[in-house]
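Here's the structure, in structure tokens; my notes come after.
The sequence lines fix the lettering, A, B, ..., with proteins before strands; numbering per chain opens at 1.
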Amino acid sequence: MTFFDLARKNAWRKPLRTVLLMVSIAVAFLIYGLTASFLNGTQGTAGASDDILGVTSAGGRTQPLPMAGMARIAADPDVAAVGYVTRLRGFVDVEKNIVAINAADPDRLLAVNGKGLGLTPALVVAIGHARDRVLVGRALVQAQGWGVGQRVTVTAFDTPREDGGRDWSFEIAGIFEGENAATDTYFMIARYDYVNAARARAKDTVDAFIVQPRAGTAPGELAARLDSLFTNSATPTRTQSERQFLEAFLRQYADVGLIMNLVVGAAFVTLLMIVVNTMVIAVRERTFEIGVLKTLGFSRLGITALILGETLFVFAVGGGLGLALAKLATILAGPELGLVFSAPVFVKGLVIIVTVSLATGALPAFNAVRTPIIKAFRTR
Amino acid sequence: MSTHSRQALVMIRTNLSSLPRRFAISASMILSVALVVCVLAGFLSMARGFETALTAAGSPSVAVILGGGTNQEMGSDVPAAVIRTLDAMTGDLGALRDAGGKLILSREIVVPVDVKQVADGTARTLGLHGMDAAGPSIREGISLSARRVFAPGAREIAVGDRLASEFGLRVGDMVRLGAVDWTVVGHFSARGSASESEIWADLDAVRAAFDRQGQIQSLKLRLVDPTTLERLQDKIATITGTPLVALSEADLYAAQSGRTASLIRLFGWPLALLMAVGATAGALNTMMSSVADRTVEIATVRALGFSRLSAFLGTWVEAMVLAGAGALLGLFASWLIFNGWQASTIGANNARMAFQLAVTPDVLLTSGLLGVAIGLLGGALPAIAATRLPLTAALRARG
């Protein structure tokens, strides 16, 4: 019988108990996997870039900036490319079905953030054929069931047209995929010239300029320099990286990160207490056998390894199951939730499995090693 | 008293008095149940607090008129012609009129603006409400806690008490909203409701500062009493050209709170249930170790003629006592921690809305029941195992 067989046989000594332990471990890792995928997904900031800067009005992200600011930004020698966006929020068919439209100059957007959004020159050509064409993100297309060539009508919340209506009609010219799974693609890109010409208010203004710094430039310094350009203008600006902006924005909804950490923490504390106690009892039950092993000449190290091996086995099966279920859930969940179970999340899960199992096995192993043989034999 | 119940009582007593022998694992069960209860209570009280803040903000005797076929303030647009028509209507509208017979109404507009927080310098989006001079008096439950509200046409603002304390806005302070400076001239309290997260200013000043000339998002009217809303709705239906909706403030806010509150619950319940599954597995383990610990005793009393039922009840009640203790501990902890916790989120009009977590009796009841259910389920299986112990186990007793 090999060493590992011994540990496995020990683990299955009381099958029901072991299965129950595995279930509670699986649940804790399922919770971990789901929350980590949520933070890592499109609802979090994992897909946002640190290198791309957004220039918005210091008065709030909804306050417009005059188009004239672009020339001053572009004049900075450290700016590689600059684009602009104006945002429309509206709904399709029912008020709950909210969609966001970013109206931009497609060529400039391709230069600034084409890689991050997964824009290709072919898509830019496609949107260029008519002024009312749009590119739609993969997640939004899937959620709404749209197809290329279809016409969609978005009723804007806050952007009336010059003719008094709020319905904006677009033709879908193509679908952009995003750089990776964590990129938010739940929006569409329209042509700024079309939106700007037809809207009733705030003509020739933008909501944000997007700036790509020249390679080797510190984004933080450039941001401060751009803001200083507009300090004494009618519209002071605030420049942040895409990630900073998104983090600040999301934190206003709720401190999601804090809540998630608390919940995962509570789940793991519960789990640890249960498993440590059960393992202590399981090892105490076989004090006699451990006495036998010691008599047979098993070293302290050997006995420690045996018990740690047993907890590791229980944790590996339970934790693996939990992570697998989490992965399954991220596949089954809809694109609106945007869960992404990436490799780093998985690796971190594995590290937690190993660390926690060693920590859990330490106390029972210590107890077992310390028990003198004579005392062990007296238990029967 | 029948033999059964006497036997059961004895078994329950011995079970409970043997608890100190299994202190560590019993305590871990209590704590795990308490943590599950805490998590559920946290989410439920958040949802409840959000609802409470919005429900308190809306009054059934204030009517809101929205235009453009929408049920939200955001995206609503009331043309000026509609207001002239309303003013010209002579019949009974169901809304209050002033001494001169003129309709008391306030034209309103909301602009989201960013304000820097004093503590950490982060900007928060707040709702700047532009309104007519009648606006503050139309709203119900508002009391001025410092000085006055804004003067017509001036760039002056009144801020809710909660905002004032969080953002350090004292009377006389200057605040930059958008591109211009505003003077804080007053504070108002709204019984802790969502309105205290608002900034109020004069309609024309807001429209001028944010380039919204001529725009009106909604109209607010004071109803004679809540039942006259129907009369107002009937009258409004006669105005053609623009689709108009009249609804009470209470209904408007209830519709807004419903989605966010259910979203929080939708998030909290699965998490709490998942944790409950884990805790149930833990409870099963704890109780199985209890049965294993007392194998000899149980088999002995069974050999003495105690019924299976008494063996079952002894273990089951122990499980419920432990779970009950955990639930109580969890409820007490969550009441201590969560009740009154300040939270905020983005509410209607894309503006920040502060609220307090509310640990109400129904929140306590629901989460407490979940805790007890863990003991109920986790205790039943080991209790059945206890009834099936072979009597020969008693013979294996060691001295």
Side-chain angles (χ1 to χ4, degrees), chain A residues 14 16-17 19-28 30-31 34-35 57-64 89-91 95-96 155-158 160 164 166 201-202 234-236 238 248-249 251-255 259 262-263 266-267 269-278 280-281 285 379-380, chain B residues 22 24-25 27-29 31-33 35-36 38-39 42-43 46 68 70-72 74-75 77 79 111-115 122-125 176-179 210-212 215 259 264 267 270-271 274-275 277-286 288-289 292-293 343-346 350 352 381 398:
Chain A
K14 286 197 171 169
L16 183 59
R17 177 169 69 197
V19 168
L20 286 176
L21 277 186
M22 286 173 176
V23 168
S24 37
I25 294 168
V27 166
L30 175 59
I31 292 177
L34 287 181
T35 51
S57 165
R61 68 198 151 79
T62 51
Q63 301 303 321
R89 288 182 77 242
F91 61 88
E95 280 192 28
K96 279 184 181 172
T155 308
F157 285 124
D158 217 22
R166 281 168 189 271
R201 277 203 317 264
T235 51
R238 182 168 60 223
F249 177 65
R251 196 165 300 130
Q252 290 205 56
Y253 275 90
D255 203 336
I259 295 175
L262 283 180
V263 169
V269 167
T270 313
L271 161 87
L272 265 183
M273 281 186 319
I274 293 170
V275 179
V276 168
N277 275 299
T278 315
V280 167
I281 287 176
E285 267 172 18
T379 53
R380 178 161 289 182
Chain B
R22 305 180 294 278
I25 195 160
S28 79
M29 176 173 159
L31 274 178
S32 62
V33 171
L35 279 172
V36 174
C38 267
V39 167
F43 279 105
M46 197 186 288
T70 167
N71 283 320
Q72 301 170 14
M74 188 172 65
D77 190 15
V111 182
V113 290
D114 275 18
V115 179
T122 54
R124 300 283 179 170
T125 311
R176 180 166 280 249
L177 304 178
F210 293 92
D211 191 24
R212 304 284 172 102
Q215 200 195 357
R259 274 179 66 197
I264 297 172
F267 213 75
L271 273 176
L274 265 182
M275 283 185 68
V277 169
T280 308
L284 277 167
N285 257 333
T286 310
M288 276 181 352
S289 77
D293 184 42
S344 69
T345 185
I346 299 283
N350 283 335
R352 177 173 181 277
L381 209 62
R398 31 186 171 353

Euclidean distance, [Y] [atom2] relative to [X] [atom1], rounded to 0.5 Å:
| X | Y | atom1 | atom2 | result |
| --- | --- | --- | --- | --- |
| I281(A) | T286(B) | CD1 | OG1 | 7.5 Å |
| M273(A) | L31(B) | CE | CG | 4.5 Å |
| T155(A) | F91(A) | OG1 | CZ | 4.0 Å |
| L274(B) | L34(A) | CG | CG | 7.0 Å |

Heavy-atom pairs under 4.5 Å with chain A - which of L177(B), L381(B), L271(B) has more of them than the others?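 Greatest number of close heavy-atom pairs with chain A: L271(B).
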With chain A, which of V115(B), T280(B), D77(B) has the greatest number of heavy-atom pairs at distances under 4.5 Å?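 The residue among V115(B), T280(B), D77(B) with the greatest pair count is D77(B).
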Non-hydrogen atoms of chain A under 4.5 Å away: do they reach the side chain of [X], the backbone, both or neither?
| X | answer |
| --- | --- |
| M275(B) | both |
| L35(B) | side chain |
| V39(B) | side chain |
| A27(B) | neither |

Contact part of [X] toward chain B, heavy-atom cut-off under 4.5 Å: side chain, backbone, both or neither?
| X | result |
| --- | --- |
| A58(A) | backbone |
| A28(A) | neither |
| T235(A) | neither |
| L21(A) | both |
| R166(A) | side chain |

So do Q63(A) and V111(B) actually touch side chain to side chain, heavy atoms under 4.5 Å?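 SC-SC contact between V111(B) and Q63(A) confirmed.
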Is any side-chain heavy atom of N285(B) closer than 4.5 Å to a side-chain heavy atom of M29(B)?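 Answer no - side chains too far apart.
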How close do A281(B) and L20(A) get, counting heavy atoms only, and between which atoms?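 Scanning both residues, the minimum pair turns out to be CB-O, 3.5 Å.
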Heavy-atom pair with the smallest gap, counting every atom of A279(B) and V36(B):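 Closest pair (atom of A279(B), atom of V36(B), distance): CB-CG2, 3.8 Å.
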Heavy-atom pairs under 4.5 Å with chain B: which of R201(A), K14(A), M22(A) has the most?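 Top option by heavy-atom pairs under 4.5 Å: R201(A).
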